[in-house]
Amino acid sequence: MLRLAIAAFAALAAVALTGCRAQIEPPGDAGVCYHLAAIENGKPKFNVLARNVPDMEHCAAQLEAMRTHFLSLGGTHSDIVGAYQANFLFLGDQGVFTGASFDGARYPFLVRSGDALVPVGSAP
């Protein structure tokens with residue numbers, strides 16, 4: 001019984017501490033595609049990758065081009081994070097996922113089909 005109480009207390013403490021941590025917010029500027037370059041001391045550093053981007057799909061394409069370019073130069077980070085109009089974009093070998101928060105749920109946006117990224121649910 002004591003072990004169960006300790007485990008419950010530890011779980012509640014972890015949830016409470018998670019709630020106190022500062023949340024990383026994506027920039028919300030219209031038409032601007034960002035790359036999340038670093039997080040230092042809980043503060044994000046977003047770099048502008050492109051302006052006048054018409055939609056999230058074009059921002060994802062810009063981020064993917066940057067990701068593959070860095071990998072071709074010998075980079076080792078296959079996963080990168082970007083932002084477009086207050087939404088996060090998470091790019092990796094599996095495709096592009098989107099989410100409203102950095103630590104929250106991530107939803108498929110573009111998936112890999114060979115060498116191409118295609119919208120979720122499109123025909124192969």
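The figures that follow rest on heavy atoms only: side chains count, while hydrogens, waters and symmetry mates do not.
For F97, there are no ring-ring contact (aromatic ring centres under 6.0 Å, His included) partners, not counting sequence neighbours. Residues passing the side chain to side chain contact (heavy atoms under 4.5 Å, CB included) test with H69, sequence neighbours excluded: S72, L73. Remark: R112 engages E64 in a side chain to side chain donor-acceptor pair (under 3.5 Å) (not counting sequence neighbours). Listed by chain and residue number, R67 satisfy the side chain to side chain donor-acceptor pair (under 3.5 Å) test with D93 (two or more places apart in sequence, or in another chain).
The closest side-chain heavy-atom distance from L36 to K45 is not below 4.5 Å. Side-chain contact between P119 and L110 is present, with heavy atoms from C-beta onward closer than 4.5 Å. For the pair V32/V48, a side-chain contact is recorded, criterion being any heavy-atom separation below 4.5 Å from C-beta on.
Within the structure, disulfide (SG to SG under 2.5 Å) contacts touching residues 27-88 (residues at least two apart or in different chains) are C33-C59. Residue pairs meeting the ring pair (Phe, Tyr, Trp, His ring centres under 6.0 Å) criterion with at least one partner in residues 27-46, sequence neighbours excluded, do not occur; the list is empty. Screening residues 60-118 for disulfide (SG to SG under 2.5 Å) gives no qualifying pairs among residues at least two apart or on separate chains. Residue pairs meeting the salt bridge (charged side-chain N to carboxylate O under 4.0 Å, His left out) criterion with at least one partner in residues 27-44, sequence neighbours excluded, do not occur; the list is empty.
In this structure, the side chain of Y84 does not engage the main chain of H58 through any donor-acceptor pair within 3.5 Å.
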- For F90 and V96, what are the C-alpha separation, side-chain angles and deciding distance, and is it a side-chain contact (heavy atoms from CB on, under 4.5 Å)? CA-CA 6 Å; F90 304 94; V96 181; over 6 Å; no
- Query: Would L89 and N87 count as a side-chain contact (heavy atoms from CB on, under 4.5 Å) if you check the C-alpha gap in whole Å, the side-chain angles of each, and the deciding distance to 0.1 Å?
  - Reply: CA-CA 7 Å; L89 293 166; N87 289 289; 5.9 Å; no
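A distance of 4.5 Å separates CD1 in I24 from CZ in F102, rounded to the nearest 0.5 Å. Atoms CD1 and CG, from I80 and L63 in turn, are 5.0 Å apart once rounded to the nearest 0.5 Å. Between F88 atom CZ and D103 atom CG the span is 8.5 Å, to the nearest 0.5 Å.
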